[in-house]
Amino acid sequence: MTPIPVTTPTNVVIPPRGQVNVTVGVQVNPVPTTGTSVTVSMGGTTPVPVQQTVIIPPVNNQPLTDPQGRVTGCAGEILPDYTGFSISLHEAGAGDPTGTNLGQLVGLTPTELPDIPGNNVAEGIEPNRENSNPFFLTNGEQGNYSFLFDVSRDQLTPGRRYILLVSPPPGANFNERRIRIDIGETSNGITRYTATSLDGRPISATNGSTSVNGTIDIQDAERVGLNLAVLDLSAAVCEAQSIQIVKTGDRAAAEPGDTVIYRLAIRNLSTTPLTNINVTDELPLGLSFRSDSVRAELEGQKVSLTASERGRQVTLSASAIALQPGKVLNIAYAARLTPDSMRGRGINSAIVEGRRTDNGADVRDGPATHKIAIRPGIVSDCGTIVGRVFLDKNFDGEQQKDEPGIPNAVVFLDDGNRIVTDNNGLFSVANAISGFRTGTLDLTSVPGYNIAPNRRFAERNSQSRLVRLEPGGLVRMNFAVTPVREGDNR
């Protein structure tokens, strides 16, 4: 049957069991972009016009595209080299409520670009044309990446959980990033999700939040793109180590009485200046910090530091210095070993803290340790002096059971040490230098007493005692006293 154009009303006779096909062309301007319907009435002046509803789909001359994510530097900058960087999508580990354990790679539906019609392979998007998992970043794409989910494989079912892993190249000074993605409900073609940083660092270089909510726009039933850009993943990968501290000393071994020079090298390993630099150094037991010895230099120029100490903890502050990338702040100070150092391990540790100027993040390194072997030295030749101050009733210079000790009596040694007796009148001095040693009883510390006369040894009638202390030996130094009688001269 040949189509007959109808421009004016025409009566058409339809034979029994026959039919008439009517083709109506409708022009609607402008064409809606969201899709609508147009009702066409046919019948003219007939009592019951015939109506036909025509649905006009939106016209889209633009190819389907999906937002792209991007891997950036710690401050959101484009990295100078993306060679070796990869990004992958994993199933969350089974039985892991935190989602930190990596499961197997998500099996993404293969795609192709450009699309070859009729081969049952979906059309892909840039830059991940084949929807590969993992996807390796390139310098040409400047760190951009993309993944497509498949709704028909239930990859956007509420409750699904994925982990997005950003892996730096081996040996690079960058930390890997792990971000958990929890799929939520879908409404009107929009799937909601929550992205949570698993390393405690902000997801975005421009936003300090470690958890963000976003949406995935399902554009058709076969191709769904995850909008990683909404995650601002634009995932910022920071240097694994932004600041470094190295601690050294001028000697490997020392003795009590020696002075050790410690040196600290603070290096900026990041791509931005560091400020608010503070070093905390914990000295070993028995080392005394010399606050007047602190020196610092940067690029050959002397700089000022603020030094403070609390017990064995030394704090060095360089808050006024902006340490540029790649530069080293050198600090030196001295500490003196005391005899107590023999009881310590000779190990001290230092940590450094600072702040990046690009994103305000705090950076830290340490502890950096240094150990010196502490040798006894002259202390090995020392000995111990023990003695007592007691009431001598029989004037023999020896203490018997019924002769009590005198508490709080003061004895001065020849080296200036001042010793006070305990409640039983006893005293002792460890690490005393060997040789002939002299001790003198301070009679003003024992009011009402005087040196007791000795009937056996005349030298013990003196207020002082002379003893010979052998290296590593033990010697006794006793003082016998008696109550002062009226008329006695002290």
Side-chain angles (χ1 to χ4, degrees), residues 69-87 137-139 141-145 166-179 197-212 228-229 231-247 264-280 296-306 315-331 350-368:
R70 169 173 282 174
V71 175
T72 68
C74 195
E77 75 278 11
I78 301 299
L79 297 178
D81 187 9
Y82 285 95
T83 303
F85 276 90
S86 66
I87 185 165
L137 306 183
T138 64
N139 291 325
E141 299 293 344
Q142 293 187 320
N144 287 328
Y145 63 88
V166 181
S167 301
N173 186 27
F174 289 99
N175 281 319
E176 71 173 22
R177 296 300 313 272
R178 293 191 182 192
I179 297 175
S197 172
L198 298 180
D199 51 25
R201 297 191 301 272
I203 293 177
S204 167
T206 58
N207 188 326
S209 177
T210 58
S211 180
V212 296
L228 293 175
L231 290 176
D232 214 357
L233 220 67
S234 300
V237 290
C238 296
E239 293 87 354
Q241 188 175 5
S242 297
I243 193 170
Q244 180 188 53
I245 181 171
V246 177
K247 185 175 181 63
L264 301 168
I266 314 299
R267 184 184 300 274
N268 184 355
L269 300 179
S270 71
T271 57
T272 184
L274 301 178
T275 58
N276 295 341
I277 296 175
N278 289 280
V279 177
T280 303
E297 68 90 16
L298 177 61
E299 297 187 81
Q301 300 295 321
K302 182 179 178 181
V303 295
S304 299
L305 295 181
T306 301
T315 301
L316 305 171
S317 176
S319 57
I321 297 175
L323 188 59
Q324 300 299 319
K327 300 303 180 181
V328 180
L329 173 64
N330 293 302
I331 303 174
I351 61 174
V352 62
E353 297 176 331
R355 180 168 297 171
R356 298 176 64 106
T357 56
D358 52 2
N359 58 6
D362 292 329
V363 295
R364 183 180 184 275
D365 187 39

Interatomic distance, [X] atom [atom1] to [Y] atom [atom2] [nearest 0.5 angstrom]:
X	Y	atom1	atom2	answer
Leu79	Asn139	CG	CG	9.0 Å
Lys247	Ile351	NZ	CD1	12.0 Å
Ile245	Thr280	CD1	OG1	9.0 Å
Asn144	Thr72	CG	OG1	10.5 Å
Tyr145	Tyr82	OH	OH	11.0 Å
Leu316	Ile331	CG	CD1	5.5 Å

Listed by chain and number, what are the salt bridge (Lys or Arg N to Asp or Glu O under 4.0 Å) partners of Arg267, not counting sequence neighbours?
none
Using the rule given for side-chain contact (heavy atoms from CB on, under 4.5 Å), can you reason through Val363 versus Arg356, listing the C-alpha separation, both sets of side-chain angles and the distance that settles it, and then say yes or no?
CA-CA 7 Å; Val363 295; Arg356 298 176 64 106; 3.8 Å; yes
For a quick test of reading the model, state the closest non-hydrogen atom pair linking [X] to [Y] and the distance between them.
X	Y	value
Arg178	Glu176	NE-OE2, 3.0 Å
Leu305	Ala318	CD2-CB, 3.3 Å
Lys327	Leu298	CB-CD1, 4.3 Å
Glu297	Val303	N-CG2, 3.9 Å
Ser317	Asn278	OG-OD1, 2.9 Å
Val279	Ala350	CG1-CB, 4.4 Å

Between the side chain of Asn268 and the main-chain N/O of Leu323, is any donor-acceptor distance below 3.5 Å?
yes
Exam field: side chain Thr357 to backbone Pro273, donor-acceptor pair closer than 3.5 Å:
yes
Pro169 versus Phe85: any side-chain heavy-atom pair under 4.5 Å?
yes
Just by distance, no angles: are the side chains of Gln244 and Asp365 close enough, under 3.5 Å, to form a donor-acceptor pair?
no
